[in-house]
Amino acid sequence: MNPTPRFPHFLHGGDYNPDQWLDHPEILEDDVRLMKKAHVNAVSIGIFSWARLEPEEGVYDFSWMDQIIHRLWDNGIRVVLATPSGARPAWMAEKYPEVLRVDDHFQRRHFGERHNHCPSSPVYRQKVRQMDTALAERYASHPGVILWHISNEFSGDCRCPLCTARFREWLEKKYQTLDALNKAWYTDFWAMRYTAWSQIEPPSPVGQNSNLSMILDWRRFSTWMCRDFIEMEKEAVRAADPSIPVTANLMERFWDYDYFSLAESIDVVSWDCYPLWTGKDDDATACDYAMNHDIMRSLKNQPFLLMESTPSNVNWKPVNKLKHPGMHLLSSMQAVAHGSCSVQYFQWRQGRGNAEMFHGAVVSHAGRDDTRVFRDVTEVGEVLETLDPLLYAAPVETPKVCILYDWESRWAVEYAQTGLSHGMQYHDTVLAHYHAFWEQGIPVDFRDMREVTDLSGYSLVIAPQLFMFRGGIEQKLEEFVRSGGHLVMTYFSGIVDEHNLAFLTDTPHALTHVLGVREAEMDALFPDESNAAVTSDGTAYPVSGICSLLELEGAQAFAIYQDDFYKGTPAITRHTYGEGEAWYLGARLTGESLDAFYQQLAQSLGIPRALDCDLPHGVTAHARGRVVFLENYSGKDQTFFPEGHWTDLLRGLPFDGHLPASTVRILTRDE
Amino acid sequence: MNPTPRFPHFLHGGDYNPDQWLDHPEILEDDVRLMKKAHVNAVSIGIFSWARLEPEEGVYDFSWMDQIIHRLWDNGIRVVLATPSGARPAWMAEKYPEVLRVDDHFQRRHFGERHNHCPSSPVYRQKVRQMDTALAERYASHPGVILWHISNEFSGDCRCPLCTARFREWLEKKYQTLDALNKAWYTDFWAMRYTAWSQIEPPSPVGQNSNLSMILDWRRFSTWMCRDFIEMEKEAVRAADPSIPVTANLMERFWDYDYFSLAESIDVVSWDCYPLWTGKDDDATACDYAMNHDIMRSLKNQPFLLMESTPSNVNWKPVNKLKHPGMHLLSSMQAVAHGSCSVQYFQWRQGRGNAEMFHGAVVSHAGRDDTRVFRDVTEVGEVLETLDPLLYAAPVETPKVCILYDWESRWAVEYAQTGLSHGMQYHDTVLAHYHAFWEQGIPVDFRDMREVTDLSGYSLVIAPQLFMFRGGIEQKLEEFVRSGGHLVMTYFSGIVDEHNLAFLTDTPHALTHVLGVREAEMDALFPDESNAAVTSDGTAYPVSGICSLLELEGAQAFAIYQDDFYKGTPAITRHTYGEGEAWYLGARLTGESLDAFYQQLAQSLGIPRALDCDLPHGVTAHARGRVVFLENYSGKDQTFFPEGHWTDLLRGLPFDGHLPASTVRILTRDE
Amino acid sequence: MNPTPRFPHFLHGGDYNPDQWLDHPEILEDDVRLMKKAHVNAVSIGIFSWARLEPEEGVYDFSWMDQIIHRLWDNGIRVVLATPSGARPAWMAEKYPEVLRVDDHFQRRHFGERHNHCPSSPVYRQKVRQMDTALAERYASHPGVILWHISNEFSGDCRCPLCTARFREWLEKKYQTLDALNKAWYTDFWAMRYTAWSQIEPPSPVGQNSNLSMILDWRRFSTWMCRDFIEMEKEAVRAADPSIPVTANLMERFWDYDYFSLAESIDVVSWDCYPLWTGKDDDATACDYAMNHDIMRSLKNQPFLLMESTPSNVNWKPVNKLKHPGMHLLSSMQAVAHGSCSVQYFQWRQGRGNAEMFHGAVVSHAGRDDTRVFRDVTEVGEVLETLDPLLYAAPVETPKVCILYDWESRWAVEYAQTGLSHGMQYHDTVLAHYHAFWEQGIPVDFRDMREVTDLSGYSLVIAPQLFMFRGGIEQKLEEFVRSGGHLVMTYFSGIVDEHNLAFLTDTPHALTHVLGVREAEMDALFPDESNAAVTSDGTAYPVSGICSLLELEGAQAFAIYQDDFYKGTPAITRHTYGEGEAWYLGARLTGESLDAFYQQLAQSLGIPRALDCDLPHGVTAHARGRVVFLENYSGKDQTFFPEGHWTDLLRGLPFDGHLPASTVRILTRDE
């Protein structure tokens, strides 16, 4: 699957805002010269152009955009064309205040900033539809336009009367009756029972805020509302020519919407990727972003686009450091190794003013092309051209490891009021499990609990903190193990159903016979406390945060607690079930403990690695097609000889085993 | 005095919410079986049942409650019957928005959560009165109903126009004239002078917020308003049968209302007690809660009820740990030792959903009775039955030590803008003084400065940070010392009158001749600074936070400062006055300094202890009637032989001196 | 220039609030006796007296003020007469809510507190004008009235519809066209383009908040609005008698308004000075306040008044310590040394109630005159009388060192979203540069970038973080260096123009040829990171926070980086240009590095010091006229012999070289 059929190449370029430079025609001219010099072949335009495209209500001005697209096309540069709905013009806010969002204190925002329109406003939707239609009618047939970029970084929600009404409709459609809603929302708690749909309002710190089932539904509704908005825009841009794919640029560790669901409404996943390389602990950062890439790839189980990244530094983290030499290429290749078909930047040229004027860009205020950044960018452009044959390649083979990452369960577990929240950071917990595979160069898929999820192809399925069970996951996991799969599940799994209501059974719900264990109690450790899980051979895995007390129902105690009043009781269990095996981690293992645990497990299961050897610490390897990306985030020069003979693709020489700090080697195995 | 005349036994049970389980009749059946197994004899029902009791306006449904009360009675289980005013139903909020509270930014809240109604709304009061009347008419004559539980955990205040009007009326009644109010509120500061009652609004961060006299009156008004609401509910429930006592469940370290005042409006004090036992520093936690218990006992100088406690852990502290074996019994017996006539839990059975679904409960989601928690609870039930003869017993003898703890002075001292606030934490400061007695097993009373306070029976009266003098306390203290009493007063006492206006005299106001000293200046230490108060024999008491500079006017310098420019000047003074003696602590002694100071003093005064011997660190003893509760919070097994021969009541054996970690021994002295 | 022509003496006194004591005539009587005893000769009255002066609308009552002024005059005490506009009376807020300020969430405040009126309300302005006129007509001709004190501590802004309208008018006057505004505000970013003036609202967290050009204009508008208000009051008080000067009391490290601009609207600068002397690091505190004094002197390049200071401690810092013996005189003389013509206190007598009741005052609640504070104050009064001849003296000679301190650049650099903000603390950064001169006893002027600024008299000009260039500063600096001056400029200078738009050139803008260097990239260090700038002789200056990467264009590398990937590249450069020399600090030197750097530089330039010798650490010297103030903040007794023979002015003896801790010696050189 190729994200941009009209231009089947790796994209290299980024956000381009010529509308900020219309009074500098010489700069616009120079941009094209510089783009070609930097091997840029695609840019995103129009993202925040509404005020320029429709300067007054109903009056459109496409002249400048015509000119830009024309000039780019003439120079071989493609266009990712954005709809401008990410920020509405001032005249619209003034005339139709309903387009402005209402915040969680029920205050209507005033005009300003971005990404804060009301998603259900009929006026806003009509204006967006008209704009999108006009853009599509004018540009969809242009051969240089290769992708629709719908709005920008969707996020948040609105609590205006219109959205409130849509929330009620959505609830009524979902539950049919108030009795069903009251049951699902457990409204007999604190006398919350609703007797009319009109009594329901969005959650708010000044209203209803602690009904855990309701706030979960509000997240689902927000996801639905965002999809509904995207579908509306998609319909508008496709009317003129349905052949151009549609994307929306997503964000890391995103909370507000269920991205697995949202991805169903777009053709191509793209995302905005902003690691902070500090020169220290860059391996941890690399693993973090490798997981982000893998999640993005997993959303549709397809290659994706890196839609934004910084060519130098960002301006919005507390401390923004320069990239060390080599790091720009390494970081860009990481994305490609994990499935990206592009390296795009925010942004092409630094703006003169406002909030992002010091965000890194390919071309800085002084307009120079003799900068370190410009040279780094040019190098990436050249390498991408070399890699073009990889574009259609999938990873070496289908990953044998699957981690369950479920937005709804994540919401539920982080909303849960347990007094354990410091151990419940869902994303970071999953990341700790992922790390064990990343450092071994083992590819990982992420799946959620929608009905479409199929676990049958995997050898190992991991369910960290799978607090909620939904979509029949119990049955899938039971069948997976019975058929020979290996399951690792942790503490605090299978506690609530899809309504966030506790199962009235032993937990993990419906899987105690598969795991051979039930969770009896759950202890919390202070940040400065620790325990250990000790195996029969004396290995002690450090434990922090959470110690569940387990009752064996057939499982074997693989490790027992070392301390506290439950010393000697099971901490980790294993249980043969059917053809497979099910592990339960009652103890919260820390990073290195998990690494050790999974290294042993992966080895015993014979799960293949990108390179069949142990990698130095801070070095990882990822295969895409025939190519292996060998990445050094250790901060040190490494010497490393993989088995067999390998060619360094970029140098056209045999790989000599030298891997300087902050470099990537792109290798192919000699036949 | 027995809190529940209809059922003269220790209560054991807790909050029971059958209305959350009406669609699970089998669970309701099983509850009774489990209660009997756990030796539960009393449960609280109806606390948040309004939406079930009055599902639509004016339509009552008591059928489910009839059934529950009937079933409980049939099985020998009594009912503490709550009025449901702690949370109003959604239909009421929708139809009468005035029942919703207005916050301190003058925003009306929306429907949701609990404990946030407007206390003066005529509509709300009418609805509450009708509901309470209906409950009382139906259930007051039922022999199983033993106590009224008015609303739940009263707290907070409302700034709506109705409450604003009542505030003005209350002020007008109090001050009669604006001139008097202006004088009391010192309104010539910052041009705050009011020339019409209508100009006065509640304090608010967006309005008047720093008039220290006004915000003190707002706290008094809030107390009055809460009492007025309680009186209204009390009148309603008593109309049918005035023989059932009335309680309201109070909270620890409570700030909003003056509990000494509020307690005048209820028959029985009950409270919700949530220590966090961490397995570390449990002795500090135990002392903290011992003081809470003693305050609750002191409010009406009567036995009280432990209305809520957790049988396992809570879910709302940052880290909620499991109780170590033994700790549940120990913690429960602590309450009894300090005067409780019950051990009640929140809650009987864990709810399936919402904010408190993971709060500890006797019966967990899985409904098991073979859990550690269930066994612990059952043990407490059995022990309480054994202790029944103690029910009417008062502590061994009237305490000879009284600490002044005054809500109004506490408000004033913590509102005071002194730059000394880190040393002014009123409750913790009092706790430091209390600790010295707790660890010696010496019983303590708390009294405030209302006119009813009588100090004549005590040997030692302690006045820590008694910033405000009111109710003629100067005269009482002068007479107390003159008649032979011993007074210990600290820095920053007797500074303001009841209007929070500084006395225009030397301080402590009107007591400098009794103390033989005046406070000239007050220095503040940074948290990392210290000084010491050194006695003539060279003992150095560490000092932190505050060093007052004292001018002797007849007193003797018991200790002098060791450091800073006031080195050598008096830090602690003593003065013989009449038949008694008055001490002044100009220096803020720390925990261990206070312990040493008071140990010496108590010994010299011959103040009796529960056991006439020194106790190991972390162990304390409290007598109730003929029984001594020996409690081990040291986290270690202790061996300890009190003088004389003692019987271990629960074991029916001679006490062998062994006191394992986290245990209580209930001892009676052999005759 | 003498701030108070009607009374050409050092003022000694402070805020006096007799209106809080009208019901205590005996106290008002005693005040005069105590003032005379304490050598008080001038007090400020009426600051918050509106509710007493106009108890109901249009009804004035000056009787009490007549009596006070009369009594003071009779006893030789002058009056600084305040206009009461710092707090409006309750009746006005009730009748005309428009006088109340609207906050940044567009909520109208309620009555209460102070300094929170709407500055553009016609009603408020009319009431203020009437009040001021009445005061002036009644008192301007009184010989005891020596100065107008306009309102109090102006601060903040208002977002009401009236202020919004004035903001639009101000913008329209400034920019003439929306096109010009859109260009200056860079509104093509995020579709912010305005197409009608009516679309513009004040910045707000719930509206437009990140347009950096707009929020800068809002600060300029707020400054203008405050000046406009002051001008209105000034006009009113001057109508009766224009001979009395006008002041407004300013504050330290003030952010809201540009004080260089505001000072143009007052005749005399006065300020409220509240150092916290802790007995530790008092030298750092002293330097901090020395800089504040020098800024206040520089605002109008004239002597100023210390309008408020505390005779003991304040009540609003987290920990307020007592002053060590000697510190009150030392701290008061510091002000005089730096150009103050007064030592005034807040306040004369402690109030009985409200927020400032525990603020230090000359007379405490008990009314004693035998206190340490009263004696300290009396001593200052006596010394000031001795120093009277100094009143008209300027510092020894015009300072040869000028530091550029520009409010607009400060706003811009702290608003800037760079990810470098921890290194951008403008005031503290300037303070680090100032420190080097303070500890050498070298006087410093501060200048901003208004057109009036003239650099021609200086030997050394320092431009720390001069982010914005405006007012032709490039030309002035070029000419300054060309003509023989020495310039030190740091990283992150010359980045934006007056609209906060980046220059599209190399930076520092238009000065790269003068400095011989351009800034290529800028790296940020985490707080726990460091680097060093190493000179050719091996001296290593520690570097923190910021490391700019420099490209030499003619300059010489004076120091190079020691670490990181840019090791060996230039960190500090020097460049001869014309007759002068220009230094560029690409690295952020820390305190001691800067001290060493500037000590060397000042020495090589032969910049004169108050005493021609090295001073002990923590001791400084400042000359005023013929007198040298030698100040010891080291916390230790010092022995120190300056060259030559000196007389200790206060003792009338030869200076013996002894300088006890926390003392000042006032020296004159023997001829």
Side-chain angles (χ1 to χ4, degrees), chain A residues 17 19-24 27 48-53 55-56 84 86-91 93-94 100 103 105 107-114 278-280 312-322 324-325 350-359 364-368 371-373, chain C residues 105-107 182-196 198-204 206-214 416-423 495-497 499-507 518 520-527 529 545 547 549 564-566:
Chain A
N17 295 299
D19 32 334
Q20 294 174 12
W21 301 97
L22 296 181
D23 53 355
H24 288 269
I27 285 181
F48 291 113
S49 301
W50 201 329
R52 281 289 188 181
L53 292 173
E56 57 183 293
R88 83 280 75 166
W91 59 257
E94 185 181 31
L100 299 167
D103 69 18
H105 280 64
Q107 183 176 12
R108 175 85 61 187
R109 289 184 64 91
H110 291 236
F111 172 72
E113 310 295 317
R114 57 173 177 167
T278 65
K280 295 194 190 76
S312 54
N313 48 13
V314 298
N315 69 321
W316 47 267
K317 299 203 178 182
V319 172
N320 298 307
K321 300 191 73 76
L322 297 176
H324 280 228
Q350 282 191 309
R352 288 198 70 180
N354 271 327
E356 297 186 326
M357 65 193 286
F358 294 113
H359 194 292
S364 65
H365 292 129
R368 287 178 172 269
T371 62
R372 207 167 63 95
V373 170
Chain C
H105 281 64
F106 299 108
Q107 182 176 12
N182 279 310
K183 191 168 174 180
W185 285 11
Y186 207 69
T187 57
D188 286 317
F189 180 77
W190 291 356
M192 290 176 180
R193 181 164 282 268
Y194 294 97
T195 54
S198 57
Q199 290 157 5
I200 301 172
E201 294 182 298
S204 161
V206 297
Q208 185 70 281
N209 215 27
S210 72
N211 185 309
L212 303 182
S213 306
M214 177 211 209
Q417 301 191 8
T418 62
L420 296 162
S421 51
H422 79 280
I495 307 291
V496 299
D497 67 14
H499 297 304
N500 216 350
L501 299 180
F503 291 115
L504 300 180
T505 64
D506 290 333
T507 63
R518 67 178 166 89
E521 294 185 79
M522 199 160 136
D523 199 19
L525 307 191
F526 283 94
E529 291 180 324
C547 294
L549 276 54
D564 220 322
F565 72 85
Y566 38 86

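Sequence lines set the chain letters: A, B, ... in the order given, protein chains first and strands last, and positions in each chain run from 1.
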CZ/C:Phe189 to CE/A:Met357 distance, rounded to the nearest 0.5 angstrom?
-> 10.5 Å
In terms of heavy-atom proximity below 4.5 Å to chain A, should [X] be classed as side chain, backbone, both, or neither?
X        : answer
C:His105 : both
C:Ser198 : both
C:Ser204 : neither
C:Ile200 : neither
C:Met214 : neither

Give the member of [options] that has the highest number of heavy-atom pairs under 4.5 Å with chain A.
options                      : result
C:Met522, C:His499, C:Met192 : C:Met522
C:Pro203, C:Ala520, C:Gly207 : C:Gly207
C:Leu504, C:Leu501, C:Leu549 : C:Leu504

So which part of A:Glu94 gets closer than 4.5 Å to some heavy atom of chain C, the side chain, the backbone, both or neither?
-> side chain
Would you say A:Glu113's side chain and C:Asn209's backbone share a donor-acceptor pair under 3.5 angstrom?
-> yes
Is there side-chain contact between A:Trp91 and C:Gln199, with at least one heavy-atom pair below 4.5 Å?
-> yes
Residues A:Gly351 and C:Tyr186: closest non-hydrogen pair is CA-OH, 3.4 Å
Where do A:Phe358 and C:Ala416 come nearest, in terms of heavy atoms and distance?
-> CE1-CB, 4.2 Å
Under a 4.5 Å heavy-atom cutoff, which of A:His24, A:Gln107, A:Glu56, A:His359 has the most pairs with chain C?
-> A:Gln107
Could you tell me how the ring of A:His110 sits relative to the ring of C:Phe106: parallel (under 30°), tilted (30 to 60°) or perpendicular (over 60°)?
-> parallel
